[in-house]
Amino acid sequence: MSSKGLRRFSCWKPLCLAAWLALAGCTAAPPHEAPLVAVGQDWLGVAPEGWVGTEHYRAWQEGRWWELFGDEGLDALMPRVEIGNQNLAAAVARVAQAQALLRQAQAQLAPTLGVQLGAQRSGEPARGSATLGLNASWAPDLWGRLQAGVAQQGANVQASQANLAAARLSAQASLAQAWFALREAEAEGALLEDIIDGYRRALAITQNNYDAGMVARTDVLQAQSTLESALSTRAGLQRSRDTYEHAIALLVGEVPSSFALHTARWVRTAPEVPPALPSELLLRRPDVVAAERAVAAANAAIGAVQAAWFPALSLSAGAGGAASSLAQLVSAPTLAWSLGATLAQALFDGGARSAATGQALAAQQVAAATYRQSVLQAISQVEDQLTALLALDEQIGHAALAAEAAAGAEERTLNSYRAGISAYTAVVTAQTAALNARRSLMQQQLQRQQAVIALIQALGGGWVAPWVEGGAATSTGARR
């Protein structure tokens, strides 16, 4: 810009700068509020406090919820998920990527500065020349476009952190599920080992009685069939046990062929769920947090696209010069400088800005609907597990009585057969009923453990909410 132009600019420059400074930091984005979700005030299975939305962002608690089960083997194995799980490693990298993008967005708010320095020598006799150039530019964020971008990326960082927590919780829950399923399969296998020994003895006795002409060949075949069926079931349980071991190896980042777990006692107990679960617990559920942060990011994006309707200002400054040597170059008379300002406004774009605004508004509506759906899904999953636990508590009570009665019936029927009172078909029937009843009880105890794990996952990592005023449901309690 010429010196005459600079003088003309200086006449109204203070007024323009005052207006720009007043507008700097303004944003066209609407205020962010978490979408409202119409939900009931009570759970079906318990009586908690009312639902509270996530308009106030809160961090979830990263507690050691698995310790509630009192299984030392699981406690020792769980930290390996943090080290070796590759899904978790990918989520960590995505957080770092989002943080880098945030720094990149923040950098756009600052001015840029550049320098150029050159030297050349040529000809006979040799002649030298040197050049120096400095330039600076800055685009003031008059309408909050860049600030909206920073806000959007900041929400994306928080969403990625929530996704990391979701990946961690999912891997932990999957490991706990597989761990208890493996131990239950081992317990069923041990039960079958004892029963198979009895079946072998029964087959030997029946064979001896047949050889002595005391029983029919049918009794021998039935005893042999019962034994072979038990052996087949044991092989199936071993296959299931190995499959769970492979799943655990994958979760901790190990090759299944080089990963092995020694047989250990199955801890059948599960923590008792508190009688009241405050609905604030869902505030820390990672997928709900991520969905709410996605709404915040979409809301900020509206401000970024709406800022395109306003003029854009860019300021620039430069200084430089040329001389025959570096010493002459830095002297003031050889240097020249310039200042410039550009104000640009699109007058016609064929509806591109209107389309971009419409797209941003629609994207915000999509994010809001997704958030509402995530809240409803979270509530539904909690309800499912609470209902399952109520039913399982009743089932386990009946199954325990059934197993006890079946064991008594098996013993009486076997004694009657040995006394020659009952047929061997009655023994087979009683043995099968007793085995099925004992296995059913064990499977239902496993289902209760898995339902508790699923409830913990549905609540975002347990039932301790440190921000709930007046105290929260404790994470300790009697086990059954």
Side-chain angles (χ1 to χ4, degrees), residues 178-247 256-257 260-269 392 394-450:
W179 172 268
F180 287 120
L182 181 146
R183 293 309 180 201
E184 191 274 339
E186 289 180 343
E188 279 198 60
L191 170 65
L192 277 172
E193 286 292 343
D194 295 337
I195 291 177
I196 286 170
D197 289 341
Y199 288 172
R200 286 197 174 103
R201 290 193 297 270
L203 175 60
I205 293 172
T206 305
Q207 182 68 48
N208 292 335
N209 290 339
Y210 171 73
D211 293 341
M214 299 172 58
V215 299
R217 175 66 176 168
T218 304
D219 290 357
V220 177
L221 295 176
Q222 288 177 332
Q224 184 177 4
S225 175
T226 302
L227 174 61
E228 295 298 333
S229 178
L231 290 171
S232 175
T233 301
R234 184 184 64 179
L237 286 172
Q238 182 63 41
R239 177 177 60 85
S240 297
R241 188 259 179 213
D242 293 342
T243 300
Y244 292 128
E245 186 177 64
H246 299 163
S257 60
L261 293 171
H262 299 294
T263 301
R265 181 179 64 90
W266 173 34
V267 179
R268 304 190 187 192
T269 58
L392 283 168
E394 183 177 358
Q395 284 181 272
I396 289 173
H398 293 309
L401 295 175
E404 183 179 354
E410 178 190 17
E411 183 178 359
R412 289 174 179 272
T413 304
L414 187 58
N415 291 336
S416 297
Y417 172 74
R418 289 169 179 168
I421 301 174
S422 301
Y424 196 78
T425 54
V427 174
V428 173
T429 301
Q431 288 177 330
T432 303
L435 175 60
N436 291 338
R438 295 171 71 180
R439 291 186 64 197
S440 177
L441 175 60
M442 298 171 72
Q443 290 166 3
Q444 289 174 16
Q445 290 171 331
L446 172 63
Q447 290 173 15
R448 189 181 192 282
Q449 286 183 318
Q450 293 180 332

Task: Spacing of CD belonging to Gln395 relative to CD belonging to Gln445, to within rounding of 0.5 Å - done: 12.0 Å

TODO: Report yes if some heavy atom in the side chain of Tyr199 is under 4.5 Å from a heavy atom in the side chain of Leu231; otherwise report no.
DONE: no

Task: Contact list for residues 228-239, test salt bridge (charged side-chain N to carboxylate O under 4.0 Å, His left out), sequence neighbours left out - done: Glu193-Arg234

Task: Sidechain-backbone polar pair: Gln449 side chain, Thr269 backbone, donor-acceptor under 3.5 Å - done: yes

Open item on the list: Could you measure the distance from the CD atom of Gln224 to the CZ atom of Arg217? Nearest 0.5 Å is fine.
Closed with: 7.0 Å

Task: From NE2 (His246) to OG (Ser257), nearest 0.5 Å - done: 8.5 Å

What pairs of donor and acceptor atoms, side-chain ones from residues 419-437 against any protein atom, are under 3.5 angstrom apart with sequence neighbours left out?
residue	atom	partner	partner atom	Å
Thr429	OG1	Thr425	O	2.9
Thr432	OG1	Val428	O	2.9
Asn436	ND2	Thr432	O	3.2

Open item on the list: I'd like to know if the side chain of Glu245 reaches the main chain of Leu261, judged simply by a donor and an acceptor atom lying under 3.5 Å from each other, with no hydrogens or angles considered.
Closed with: yes

Open item on the list: Please check this pair: side chain of Thr226 against backbone of Gln222, looking for a donor-acceptor N/O pair closer than 3.5 Å.
Closed with: yes

Pair up each side-chain donor or acceptor in residues 398-416 with any protein partner under 3.5 Å, not counting sequence neighbours, and list the distances.
residue	atom	partner	partner atom	Å
Thr413	OG1	Ala409	O	2.7
Asn415	ND2	Glu411	O	3.2
Ser416	OG	Arg412	O	3.0

Acceptor/donor pairs from residues 202-216 side chains to any protein atom, 3.5 angstrom cut, sequence neighbours excluded:
residue	atom	partner	partner atom	Å
Thr206	OG1	Ala202	O	2.7
Gln207	NE2	Asp211	OD1	3.1
Asn208	ND2	Ala204	O	3.2
Asn209	ND2	Ile205	O	3.4

Task: Straight-line distance of Leu392 CG to Glu394 CD, nearest 0.5 Å - done: 10.5 Å

Open item on the list: Within a 6.0 Å radius of atom CZ on Arg265, are there more than 12 heavy atoms belonging to other residues, nucleotides or ligands?
Closed with: no

Task: Side-chain heavy atoms of Arg183 within contact of Val267, under 4.5 Å - done: no

TODO: Side-chain contact test, heavy atoms from C-beta onward, threshold under 4.5 Å: evaluate it for Phe180 versus Arg268 and give yes or no.
DONE: no

TODO: Just grab all the salt bridge (charged side-chain N to carboxylate O under 4.0 Å, His left out) pairs involving residues 416-425, residues at least two apart or on different chains.
DONE: none

Open item on the list: Would Ser440 and Gln444 count as a side chain to side chain donor-acceptor pair (under 3.5 Å) here? Give the steps.
Closed with: CA-CA 6 Å; Ser440 177; Gln444 289 174 16; 3.2 Å; yes

- [ ] Can you run down the salt bridge (charged side-chain N to carboxylate O under 4.0 Å, His left out) pairs that involve residues 424-443, sequence neighbours left out, and say none if there aren't any?
- [x] Glu188-Arg439

